[in-house]
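Below is one structure, written out as structure tokens; comments come after it.
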There are 2 protein chains.
Amino acid sequence: MVTAQDVADLAGVSRTTVSYVINGSNLISEPTKKQVMKAVKKLGYHPNLPARALAGGKMGFIGVAVRIDSSTNIVELYPHLSSIIAETESHNSNVILIPGQEGIEGIEKVTRQATIDGLLLFDIGLKDDRLSSIESMNLPCVMVGTTESTTTLPSVDVDYASIVRQQIDDLIRVGSQEIIFVDNKSSDANYYNFAKAFSIDGPRYCTSRGISSSTRYIENRHWQGIESVTSDIQTWKGRKVGIAIRTPAILDLMTASMRFNNLELGKDIPLVAVCADDFAQAQPTPITNIDPLADACSLTAVNILYSMLSGKEQPQLRTLLTPHLQRRKSTASKCYQ
Amino acid sequence: MVTAQDVADLAGVSRTTVSYVINGSNLISEPTKKQVMKAVKKLGYHPNLPARALAGGKMGFIGVAVRIDSSTNIVELYPHLSSIIAETESHNSNVILIPGQEGIEGIEKVTRQATIDGLLLFDIGLKDDRLSSIESMNLPCVMVGTTESTTTLPSVDVDYASIVRQQIDDLIRVGSQEIIFVDNKSSDANYYNFAKAFSIDGPRYCTSRGISSSTRYIENRHWQGIESVTSDIQTWKGRKVGIAIRTPAILDLMTASMRFNNLELGKDIPLVAVCADDFAQAQPTPITNIDPLADACSLTAVNILYSMLSGKEQPQLRTLLTPHLQRRKSTASKCYQ
DNA sequence: TTGTAAGCGTTATCAA
DNA sequence: TTGATAACGCTTACAA
């Protein structure tokens, strides 16, 4: 193993000087810096992370506490993960996955073990017990999501209330007089803000705009539920129903089922989904969508976390991203004609 | 922070004794052990991982080098990941994700930094440069996949050649005289063994059984390609075509497209897919499938890695799991009648 | 069966 | 601007 001492010997300086150079202190003269860097390159030196951490520095790991189980909608999780990994990488540290199922214990464990510098917390609940524990642990932490619990942890989220309003507005624009919200069975409106926005704020907004609405929950990727919705719609044609879908997990099957039932999206019936742009574009009928900006969300969260770690500035307590509707064929023009 | 010294003080023993107890030495008397464990519980002591690693012990991290990008089929990756996380958890260590795109550099970095105890290597190529580098790094490593490169690293994989044969056999059983293999565009038969099994061994086996075959590549989850296959099939009814699908990524859309084209699976046309059992079962027509045992595969790999880390036994060099076909409605009886 | 003491590679403090 | 030295918390010979 190449140590700082080896580098120091080769460069003809002391271990301390090497440490200064590595950590970017500017108390070192340029020539010395160059000397040291040359030796670092030559020997292929990489600081030993455990040693660095033990000596009080940073470990170079950030934890990502996220629930991954069979009900996980991986299509939604993936952009978060990949964006976190990429950004973390560019900060020269690594990602540790902490299974969200373990709750606060899993987080406490890695924290006590001194293995993570900071935490990205997913699956935030409207009431979330973990938050106060984390605060008392003094662990730099950014939430991705929205809570109603009082907390001083900074958070990043997408404005789901706005998303739902945009969906409804666009459906009404093409003539809908009744909205059907379709979501996963696993979305708990009592626990998750996005589910609440969809199942409570959505219908409320419909009422305020003078139209009726109802909500259907579908078991993840299962055909039966989807077909039952579609066949119902079949009989509702006269009622000018518009569809608002919350998750890509069911979108493609839904659109497939529509086709099978000879319902043409954007003509017989309008539909607006919450999903990534490319996913919406790739459907047989391109779907008007609102991209939930998962990557931007996570990217922001990571950067806030790093700004906390570097301790320079006070982080913004709440960052709310507002995504915008992208109109495509499924609401291109007046429907029900 | 609770240190081993604190525990020692409370338990009335020395730091050393605490260390022995924690690390499961059996040189310590039962009563002392109990004393110590009581103190550990009471204080909520967790060993400081950096310190432990620095002192020569294990870091408690295993790296998972896996490519995650926009072409990643998350449906296939997920069971691997979740099974690794769960099993790693039970070995009291954590998972670090190493972006596979970085190639050997990413792995070298974490290794030089002394942050991982072992490595699970995914996306193994038939020719894979990384293997020799990893061997020379003396990093305990288990491959998940199959290579043709010479290496002493142990590997775990599923017998894809057998999978393809089982698919073909079942299709022939119900009357197919021509097989269409359908796969992702991104599957590179020159690089990945599973792709090769499908695009080379499969057609070869068809020939040996006296029937013809062809292969179609579909861009991930894109309708256009899928519909072109389905509409082709429409015109081929007389030719007794059977469908073999390699990845769940396109299965549900394929079956949806079949319905839309009024082709009834298991009656007009038989189909056998490689996908998880529950996924096959959840299709509108339950699909005869071969579960690629992703979770068993990863579980085995993790356990082999830990047996290497504990240094007890020489690991088995190659573990090949053979999955079995589960017959469902899509090949329940003679087709084309 | 338990304790003493050396060392792991780094950073931080302080002196030169 | 640089160098010596003391932590950091743990493991592991070796001694008792």
Side-chain angles (χ1 to χ4, degrees), chain A residues 1-37 39-40 43-61 92-93 110-115 117 309-311, chain B residues 1-37 39-40 43-61 92-93 110-115 117 309-311:
Chain A
M1 161 172 251
V2 183
T3 72
Q5 186 65 65
D6 298 332
V7 175
D9 291 348
L10 181 63
V13 298
S14 79
R15 214 160 67 246
T16 312
T17 306
V18 173
S19 177
Y20 279 140
V21 173
I22 293 295
N23 295 295
S25 158
N26 44 7
L27 299 161
I28 305 289
S29 67
E30 268 315 312
T32 313
K33 264 188 195 167
K34 284 221 174 87
Q35 269 299 322
V36 171
M37 287 316 291
V40 165
L43 297 175
Y45 167 77
H46 288 254
N48 179 301
L49 251 39
R52 168 179 284 182
L54 186 56
K58 292 283 168 264
M59 189 58 195
F61 289 134
N92 245 301
S93 48
V110 286
T111 307
R112 286 238 176 76
Q113 289 176 336
T115 54
D117 305 325
L309 289 175
S310 71
Chain B
M1 160 173 256
V2 183
T3 73
Q5 186 63 63
D6 299 332
V7 175
D9 292 346
L10 182 61
V13 297
S14 80
R15 213 162 69 248
T16 314
T17 306
V18 173
S19 178
Y20 281 143
V21 173
I22 294 294
N23 294 297
S25 159
N26 44 7
L27 299 162
I28 305 290
S29 67
E30 269 313 315
T32 313
K33 265 188 196 167
K34 285 222 173 86
Q35 269 299 322
V36 171
M37 287 315 290
V40 165
L43 297 175
Y45 168 75
H46 288 256
N48 180 301
L49 250 40
R52 165 181 283 180
L54 187 56
K58 293 281 168 267
M59 188 60 194
F61 288 132
N92 246 301
S93 45
V110 285
T111 308
R112 285 239 177 76
Q113 291 177 334
T115 54
D117 305 324
L309 289 175
S310 71

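Reminder, nothing fancy here: chain letters follow the sequence lines and each chain counts from 1.
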Open item on the list: Distance check needed: C:dC8 C1' versus B:K58 NZ, whole Å only.
Closed with: 14 Å
- [ ] For B:R112 and C:dG9, give me the distance from atom CZ to atom P, rounded to whole Å.
- [x] 15 Å
- [ ] Figure out the CG/P separation between B:D117 and D:dT11, and round it to whole Å.
- [x] 13 Å
Task: Partner of B:T17 by side chain to side chain contact (heavy atoms under 4.5 Å, CB included), out of B:I28, B:V7, B:I22 - done: B:I28
Task: Side-chain heavy-atom pair B:N23, B:R52 within 4.5 angstrom cut-off - done: yes
Open item on the list: Could you work out, with side chain to side chain donor-acceptor pair (under 3.5 Å) as the rule, every residue matching A:T16, not counting sequence neighbours?
Closed with: none
- [ ] Can you run down the salt bridge (charged side-chain N to carboxylate O under 4.0 Å, His left out) pairs that involve residues 20-33 of chain A, sequence neighbours left out, and say none if there aren't any?
- [x] A:E30-A:K33
Task: Side-chain N or O of B:R52 closer than 4.0 Å to phosphate OP1/OP2 of D:dT11 - done: yes
Open item on the list: Using only atom types and a distance under 3.5 Å, with no angle test, would you say the side chain of B:D6 pairs donor to acceptor with the backbone of B:T3?
Closed with: yes
TODO: Round to a whole Å and report the spacing from NE2 of B:H46 to C1' of D:dC10.
DONE: 16 Å
Open item on the list: What is the separation between atom CD on B:Q5 and atom P on D:dC8, rounded to the nearest whole Å?
Closed with: 12 Å
Open item on the list: Using a heavy-atom cut-off of 4.0 Å across all strands, would you classify B:P50 as base, sugar-phosphate, or nothing?
Closed with: nothing
Open item on the list: Rounding to an integer number of Å, can you tell me how far A:L49 CG sits from D:dC8 C1'?
Closed with: 15 Å
TODO: Starting from the first five and the last five pairs of the helix from C:dT1-D:dA16 to C:dA16-D:dT1, work out the angle between the resulting helix axes, to 10 degrees.
DONE: 30°
Task: Atom of A:A51, atom of B:L54 and distance for their closest heavy-atom approach - done: CB-CD1, 3.6 Å
Open item on the list: Distance check needed: D:dT11 C1' versus A:L54 CG, whole Å only.
Closed with: 12 Å
Task: Near-strand residues of residues 28-35 of chain A, defined as heavy-atom separation under 4.0 angstrom from DNA chain D - done: A:I28, A:S29, A:T32
Task: Atom-pair distance (CD1 on A:I22; P on C:dG9), nearest Å - done: 15 Å
- [ ] Using a cut-off of strictly less than 4.0 Å, decide whether B:N23 has a side-chain nitrogen or oxygen near OP1 or OP2 of D:dT11.
- [x] yes
- [ ] For the residue pair A:V110 and A:F61, establish whether any side-chain heavy-atom pair is separated by less than 4.5 Å.
- [x] no
Open item on the list: Do B:K58 and B:L309 have side chains that approach each other closer than 4.5 Å (heavy atoms only, starting at C-beta)?
Closed with: yes
Task: Least distance between heavy atoms, A:A114 atom then B:P50 atom - done: O-CG, 3.5 Å
Open item on the list: Just to be sure I understand the geometry, which residues of residues 11-21 of chain A put a non-hydrogen atom under 4.0 Å away from DNA chain D?
Closed with: A:V13, A:S14, A:R15, A:T16, A:T17, A:Y20
- [ ] Evaluate the side-chain proximity of B:N48 to B:M1: yes if any heavy-atom separation is below 4.5 Å, no if none is.
- [x] yes
- [ ] For residues 11-25 of chain A, pull every pair meeting salt bridge (charged side-chain N to carboxylate O under 4.0 Å, His left out), keeping only residues two or more places apart or in separate chains.
- [x] none
